[in-house]
Amino acid sequence: MESASELAAFPLLIESNYRACTIPYRFPNDNPKKPTPTEISWINLFANSIPSFKERAESDDTVPDAKVRAEKFAERFGEILEDLKKDPESHGGPPDCILLCRLREQVLRELGFRDIFKKVKDDENAKAISLFCNVVSLNDAIEDPVKRLENLVKGMFAGNIFDLGSAELAEVFSKDGMSFLASCQNLLPRPWVVDDLDTFKVNWIKKSWGKAVIFVDNSGADIILGILPFARELLRRGTQVILAANELPSINDVTYTELFDIVSQLKDESGQLMGVDTSKLLIANSGNDLPVIDLTSVSQELGYVASDADLVVLEGMGRGIETNLYAQFKCDSIKIGMVKHPEVAQFLGGRLYDCVFKYKEVSN
């Protein structure tokens, strides 16, 4: 799109058979001119999100005539989705979640919208920053390292609920916001729909990782109260941590420049994160501009700093579930996220708001 980075394949990805779309929208014997039931359901899902995107766009005071342009966005993106229902091969199709996200971003950017969720991101970041010390202190008070890990994982799920790409969650959020600690307590009980946490707990005790790359997701509670406490725990154990964040804004995803700012606000005057040294913490530009990610197209900068990592973490429904649940890596990997679309729950055979913790160990 508008990325300034040269893009290349993520060096730890095993590229054979890789496809950046977990749910097959169609099969080779499907009629190329007729949309499949799966394509229809996903096109409808994106259509259902138009009102909440339009509302955010209307209130973007950085764009002149925002109301008129927001109306044009709703109209134009709606027409594109209807075109895809008539002919799946229109607009660069057949559609998958990457194409549908890209088309939505294209329409917004063509109409002058750069970051329609900026205000809500800033508000949520400020709220989460004020809670960070409390959340970390509660974690640190758990002496048993396995129980502490369990609490950190629950925190990652609870934070990941803040997702304004889900029409249902956008509605809940606009009504009464979301409490992080209540979300932690209200997670669906284990076993989750994909649940490798017990295997990971065993390895957490017996092995350590030299370098971890974490592909992060949303602003607010997700990054600040979910991911950063987990990253801090890895740092405390001696792991070098790379946080890979979007180059350009998309929905309420955190960008790498926003993440720099968040981390600098959380560090104390000696550069520590609640008593933990951050000299091994690096924030990298992933080169991405969508809420999903194709790992054959990341920034060369990220490829360079991540090439010798021995743990890859993909967090969030877009990156960890919808596009990369079956991605294979040359090192250990975790895919972690909450299921926030009924279509994903149905595909996985789980429940809405179920959790995915997929861990794969690679023997040397």
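Computation of the quantities below employed the complete heavy-atom set of this structure, encompassing side-chain atoms and omitting hydrogens, waters and symmetry-equivalent molecules.
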Are any side-chain N or O atoms of [X] and backbone N or O atoms of [Y], one a donor and one an acceptor, separated by less than 3.5 Å?
X: D115; Y: P249; value: no
X: T255; Y: E247; value: no
X: S297; Y: D294; value: no
X: N324; Y: A20; value: no
X: K360; Y: A327; value: no
X: K211; Y: A306; value: no
X: D96; Y: L99; value: yes

Those residues that, when tested against F347, pass ring pair (Phe, Tyr, Trp, His ring centres under 6.0 Å) (two or more places apart): none
In this structure, which one of K121, K118, R319 forms a salt bridge (Lys or Arg N to Asp or Glu O under 4.0 Å) with D253?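 Only one of K121, K118, R319 forms a salt bridge (Lys or Arg N to Asp or Glu O under 4.0 Å) with D253, namely R319.
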If we only count heavy atoms from C-beta on, is the [X] to [Y] side-chain gap below 4.5 Å?
X: E124; Y: D222; value: no
X: L325; Y: L348; value: yes
X: V263; Y: L228; value: yes
X: F132; Y: V135; value: no
X: F157; Y: C184; value: no
X: L234; Y: I214; value: yes
X: P32; Y: E89; value: yes
X: D261; Y: N125; value: no

Provide the full list of ring-ring contact (aromatic ring centres under 6.0 Å, His included) pairs with a residue in [range], sequence neighbours left out, each pair given once.
range: residues 239-296; result: none
range: residues 280-328; result: none
range: residues 74-100; result: F73-F77

For residues 63-71, dump all side-chain donor-acceptor pairs below 3.5 Å to protein atoms at least two apart in sequence or in another chain.
unit_1, atom_1, unit_2, atom_2, d
R69, NE, P64, O, 3.0
R69, NH1, L111, O, 2.9
E71, OE1, K54, NZ, 3.1

More than 12 heavy atoms of other residues, nucleotides or ligands under 6.0 Å from [atom1] of [X]: is that the case?
X: E58; atom1: CD; result: yes
X: K34; atom1: NZ; result: no
X: N31; atom1: CG; result: yes
X: K267; atom1: NZ; result: yes

A345 versus L352, closest heavy-atom pair with distance: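 Of all heavy-atom pairs spanning A345 and L352, the closest is CB-N, 3.8 Å.
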For a quick test of reading the model, state the closest non-hydrogen atom pair linking V213 to A309 and the distance between them.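 So the two residues come closest at CG2-CB, 3.6 Å.
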Considering only NZ, NE, NH1 and NH2 on the basic side and carboxylate oxygens on the acidic side, decide whether [X] and [Y] come within less than 4.0 Å.
X: D123; Y: K127; value: no
X: R56; Y: D60; value: no
X: R109; Y: D289; value: yes

What's the verdict on side-chain contact (heavy atoms from CB on, under 4.5 Å) for E315 and F215, showing C-alpha distance, side-chain angles and the deciding distance? CA-CA 6 Å; E315 184 251 347; F215 287 86; over 6 Å; no
List the steps, then state whether side-chain hydrogen bond (donor to acceptor under 3.5 Å, both in side chains) holds for T38 with T36. CA-CA 5 Å; T38 306; T36 66; 4.6 Å; no
Stepwise side-chain hydrogen bond (donor to acceptor under 3.5 Å, both in side chains) check, E15 with T296: CA-CA 8 Å; E15 287 187 70; T296 61; 6.0 Å; no
Just to verify, which of E343, K85, E39 counts as forming a side chain to side chain contact (heavy atoms under 4.5 Å, CB included) with N44? K85
Under the salt bridge (charged side-chain N to carboxylate O under 4.0 Å, His left out) test, which residues partner [X], sequence neighbours left out?
X: E75; answer: none
X: K72; answer: none
X: D310; answer: none
X: D332; answer: K207

Are Y18 and F10 an aromatic pair by the rule of ring centers under 6.0 Å?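 Ring centres of F10 and Y18 not closer than 6.0 Å.
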Partners meeting side-chain hydrogen bond (donor to acceptor under 3.5 Å, both in side chains) with T323 (sequence neighbours left out): none
State which residues pass side-chain hydrogen bond (donor to acceptor under 3.5 Å, both in side chains) with E150; sequence neighbours excluded, sorted by chain then number.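 Listed in chain order: K201.
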Check the pair V344 / T22 against side-chain contact (heavy atoms from CB on, under 4.5 Å), numbers first and verdict last. CA-CA 9 Å; V344 179; T22 299; over 6 Å; no
Should the ring pair W204 and W209 be called parallel, tilted or perpendicular, given that the plane angle runs from 0 to 90° and is split at 30 and 60? tilted
As a quick check of understanding, evaluate side-chain contact (heavy atoms from CB on, under 4.5 Å) for I336 and N160, giving each step before the final call. CA-CA 9 Å; I336 180 168; N160 195 231; over 6 Å; no
Give the C-alpha distance, both sets of side-chain angles, the deciding distance and a yes or no for side-chain contact (heavy atoms from CB on, under 4.5 Å) between N203 and Y359. CA-CA 10 Å; N203 277 4; Y359 171 61; 2.7 Å; yes
Show every side chain to side chain donor-acceptor pair (under 3.5 Å) that has at least one partner inside residues 136-149, sequence neighbours left out.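 Every pair satisfying side chain to side chain donor-acceptor pair (under 3.5 Å) with a residue in residues 136-149: N139-N151, D140-R232, D140-R236, R148-E233.
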